[in-house]
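For reference, the structure is listed below as structure tokens.
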2 protein chains.
Amino acid sequence: MNKKSATIYDISHKLNVSVATVSRALNDHPRISEATKELVRKTAKEMNYKQNNLAKALKSGETKNVGIIVPYINTNFFSSVIRGIEEELSLLGYHVIICQSHEDVNIEKRHLNTLLNAQVDGIFMSVSKTTIDTEHIENILETTNTPIIFFDRKKDIAGISTVTIDDYRGGYMATEHLIKEGYKNICHFAGDLNLEIYQNRLNGYKQALLDNNFQIKEDNIIFTGSSIDTGIDAIKKLWDRKSIPDAIFSSSDFAALGACQELKKRKIKIPEEVAVIGFSNEPFTQFMELPMSSVDQTPVTMGKMAGRVFIESVKENGSGVSTEKKVVLAPQLYIRKSSKRK
Amino acid sequence: MNKKSATIYDISHKLNVSVATVSRALNDHPRISEATKELVRKTAKEMNYKQNNLAKALKSGETKNVGIIVPYINTNFFSSVIRGIEEELSLLGYHVIICQSHEDVNIEKRHLNTLLNAQVDGIFMSVSKTTIDTEHIENILETTNTPIIFFDRKKDIAGISTVTIDDYRGGYMATEHLIKEGYKNICHFAGDLNLEIYQNRLNGYKQALLDNNFQIKEDNIIFTGSSIDTGIDAIKKLWDRKSIPDAIFSSSDFAALGACQELKKRKIKIPEEVAVIGFSNEPFTQFMELPMSSVDQTPVTMGKMAGRVFIESVKENGSGVSTEKKVVLAPQLYIRKSSKRK
DNA sequence: TTGTAGGCGTTATCAA
DNA sequence: TTGATAACGCCTACAA
């Protein structure tokens with residue numbers, strides 16, 4: 001009952017030629033007569049022959065598979081990056097293997113290991129929030145030839161190429177925009193500073209303030225997560241004290257959304273009394289009651305770039321040298337009603 | 001400069017034992033002394049040995065990889081289903097390979113083939129809109145043992161398990177809800193009827209009308225796509241003629257969104273003058289200016305169920321018998337402001 | 001132009 | 001308890 005697919009042996013038997021001939025014919029080897037090629041191809045089709053990439057990979061050392069590790073796949077940002085990578089690489093015959101770390105460094109480690117065991121040709125990853133130590137990653141670099149490419153959430157490790165957006169500039173642009181709109185007391189919802197992206201957004205915010213002769217008030221920096229609830233809590237916290245901000249630059253769209261909800265509840269008008277601007281340009285931002293300004297991360301482009309960086313590193317690996325690439329994409333500010341007072 | 005990872009041969013050399021012993025020790029074979037096991041494991045770690053799953057797969061015939069083909073990965077629905085599948089299967093040591101068909105049956109075919117070449121243990125798929133003929137799929141069934149599982153967008157093919165939601169019931173529920181709210185002239189935005197899901201949603205809509213003594217007016221069935229623009233166009237078309245509906249049940253959230261936008265533009269009040277209800281419960285629906293009612297498809301659950309169906313079929317395949325499963329999940333109606341008149 | 005044979009890294013069978 | 005060896009399916013020197 002088991003249908004085993006035909007191998008080149010089966011074909012060679014049927015045709016009374018050697019396996020080598022079959023293999024070469026199937027691979028369009030120049031020194032095989034057109035007649036045999038034709039014959040082999042025809043019978044291969046008849047016998048429903050399918051090449052076993054496993055065997056080929058075992059021989060060649062190339063699986064034509066790459067792994068991707070992200071915290072969760074079902075967010076607009078990560079699924080869009082994956083889309084970009086897949087579109088860039090599937091044309092070149094690569095398959096894309098997806099793993100979710102659930103923001104847990106131990107799961108991340110496990111996936112890294114199983115991907116390596118699966119002999120992937122490369123690994124794309126955005127580190128989890130709990131990835132503080134990076135020994136497990138550096139270790140791979142030292143002991144294997146498998147290229148690793150960080151996208152978005154990177155760590156500074158020599159020899160690893162990265163594709164990111166300029167989060168600093170994103171933070172700067174958002175803050176500067178608020179200043180130009182006349183807001184005076186701008187607060188920032190900062191994310192987990194263990195991740196560079198949030199560190200950079202915060203720094204951009206700070207520098208924009210300084211460059212415009214504003215003071216940086218530590219009280220105006222609230223740490224939130226990337227959920228609606230943390231945004232709600234942040235508003236509660238802010239309004240419980242004296243100095244109330246007139247603008248919020250949030251490092252997360254979801255926290256910004258929570259802020260909008262809580263502000264509405266308190267009958268505080270956006271953007272008249274308080275401006276709100278988020279980060280990521282999640283699809284929902286443009287459909288909100290009050291369309292929300294946000295910083296776009298061009299995720300599909302990021303994925304495509306990451307794919308290209310990988311391809312280059314594969315080529316280089318063949319030639320011996322290997323230099324890391326650091327691609328930095330420009331963020332794009334989408335200004336909508338939530339931050340336009342003028 | 002090339003770092004080649006250690007094999008069991010390297011270990012066997014170093015320890016002066018046979019490869020067989022090493023292999024058995026690593027696999028915790030009962031008839032190997034604890035001492036050698038310990039020694040082997042220790043040196044394996046020292047030499048940074050990593051099992052080559054390729055070789056193992058070649059031998060065993062199991063790659064522990066499954067393929068998933070979806071139109072696009074970066075939509076909430078598909079990425080959530082994938083999340084479910086990944087979470088269910090990664091625990092069992094499987095990896096998940098993602099392919100996008102871009103709604104093109106030819107790309108779908110190509111992916112199907114390369115996945116088969118990659119020796120995946122199973123294939124999950126949601127067919128593309130251009131998949132009319134299913135010969136290429138039936139062919140796989142006949143010539144391989146690779147189980148195929150359809151989720152959401154299925155085709156009726158004997159021997160293929162499916163996991164779907166009850167779209168008929170979803171359509172019925174949505175329409176009935178509108179009727180109970182007192183709407184009298186309910187129109188339907190139908191999707192591509194080549195896909196069963198849209199056929200079923202339409203049928204549910206019709207039956208709900210009939211069961212409540214409403215007439216089915218063919219004019220009230222507008223064919224839209226799954227984009228905002230098609231929803232806008234639909235409203236234009238409807239309002240250009242005499243009998244204007246007082247409720248819209250859209251088979252797509254995006255078309256429903258387009259409708260809301262166009263209605264607002266025309267100063268037509270939702271839900272007082274016209275009710276709107278969508279399908280898919282996309283994240284943006286709850287954050288809209290006027291939160292929109294929608295039918296939830298429980299995508300993560302769908303993915304998990306699909307994973308389980310696959311596992312069962314793997315077990316069965318070992319035992320010889322193989323019966324197809326048809327899992328139908330219950331849709332969930334989320335009633336929000338856009339359809340509550342009372 | 002075609003054939004022979006070895007090897008990729010494992011596991012499993014048969015001996016010892 | 002361990003060892004030798006064949007086999008998984010393919011590719012590729014080397015030979016013919």
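By convention in this document, chain letters (A, B, ...) are assigned in the order of the sequence lines, proteins followed by strands, and residues within each chain are numbered from 1. Side chains included, hydrogens not; waters and symmetry mates left out as well; all remaining heavy atoms used. What you see is a predicted model, and the numbers here were worked out from it, not measured in a lab.
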Could [X] and [Y] be called an ion pair, given the rule that one side-chain N must be under 4.0 Å from one carboxylate O?
| X | Y | result |
| --- | --- | --- |
| B:D28 | B:K37 | yes |
| B:D152 | B:K154 | no |
| A:E34 | A:R41 | yes |

**Message:** Looking at B:T36, I'd like to know whether one of its side-chain N or O atoms comes within less than 4.0 Å of OP1 or OP2 on D:dT2.
**Reply:**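 Yes, because at least one side-chain N or O of B:T36 sits under 4.0 Å from OP1 or OP2 of D:dT2.
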
**Message:** Between A:T21 and C:dT2, is there a contact of a side-chain N or O with OP1 or OP2 at under 4.0 Å?
**Reply:**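 No, no such contact exists.
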
What integer distance in Å separates [X]:[atom1] from [N]:[atom2]?
| X | N | atom1 | atom2 | result |
| --- | --- | --- | --- | --- |
| A:E62 | C:dC8 | CD | P | 17 Å |
| A:I11 | C:dT2 | CD1 | P | 15 Å |
| B:L58 | C:dT10 | CG | C1' | 8 Å |
| B:Q119 | C:dT10 | CD | P | 19 Å |
| A:N117 | C:dG9 | CG | C1' | 13 Å |
| B:D10 | C:dG9 | CG | P | 8 Å |
| B:H29 | C:dT11 | NE2 | C1' | 10 Å |
| A:N16 | C:dT1 | CG | P | 21 Å |

**Message:** Could you go through A:V40 and A:R24, starting from their C-alpha distance and side-chain angles, then the distance that decides it, and tell me whether this counts as side chain to side chain contact (heavy atoms under 4.5 Å, CB included)?
**Reply:** CA-CA 10 Å; A:V40 169; A:R24 285 192 270 246; over 6 Å; no

**Fill in**
Given the options B:F310, B:F78, B:Y94, B:F150, B:F124 meets ring pair (Phe, Tyr, Trp, His ring centres under 6.0 Å) only with B:F310

**Fill in**
Given the options B:H102, B:E108, B:K109, B:N106 meets side-chain contact (heavy atoms from CB on, under 4.5 Å) only with B:K109

**Request:** Encode nucleotides 10-16 of chain D as B, S and - characters from 5' to 3', where the letter depends on protein heavy atoms closer than 4.0 Å: B to the base, S only to sugar-phosphate, - to neither.
**Result:** BBBB---

**Request:** Would you indicate what B:S60 reaches in the nucleic acid, counting non-hydrogen atoms under 4.0 angstrom: base, sugar-phosphate, or nothing?
**Result:**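 The answer is nothing, as B:S60 stays clear of every strand by at least 4.0 Å.
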
**Prompt:** Between B:D104 and B:T130, do the side chains contain an N or O donor and an N or O acceptor separated by less than 3.5 Å?
**Reply:** no

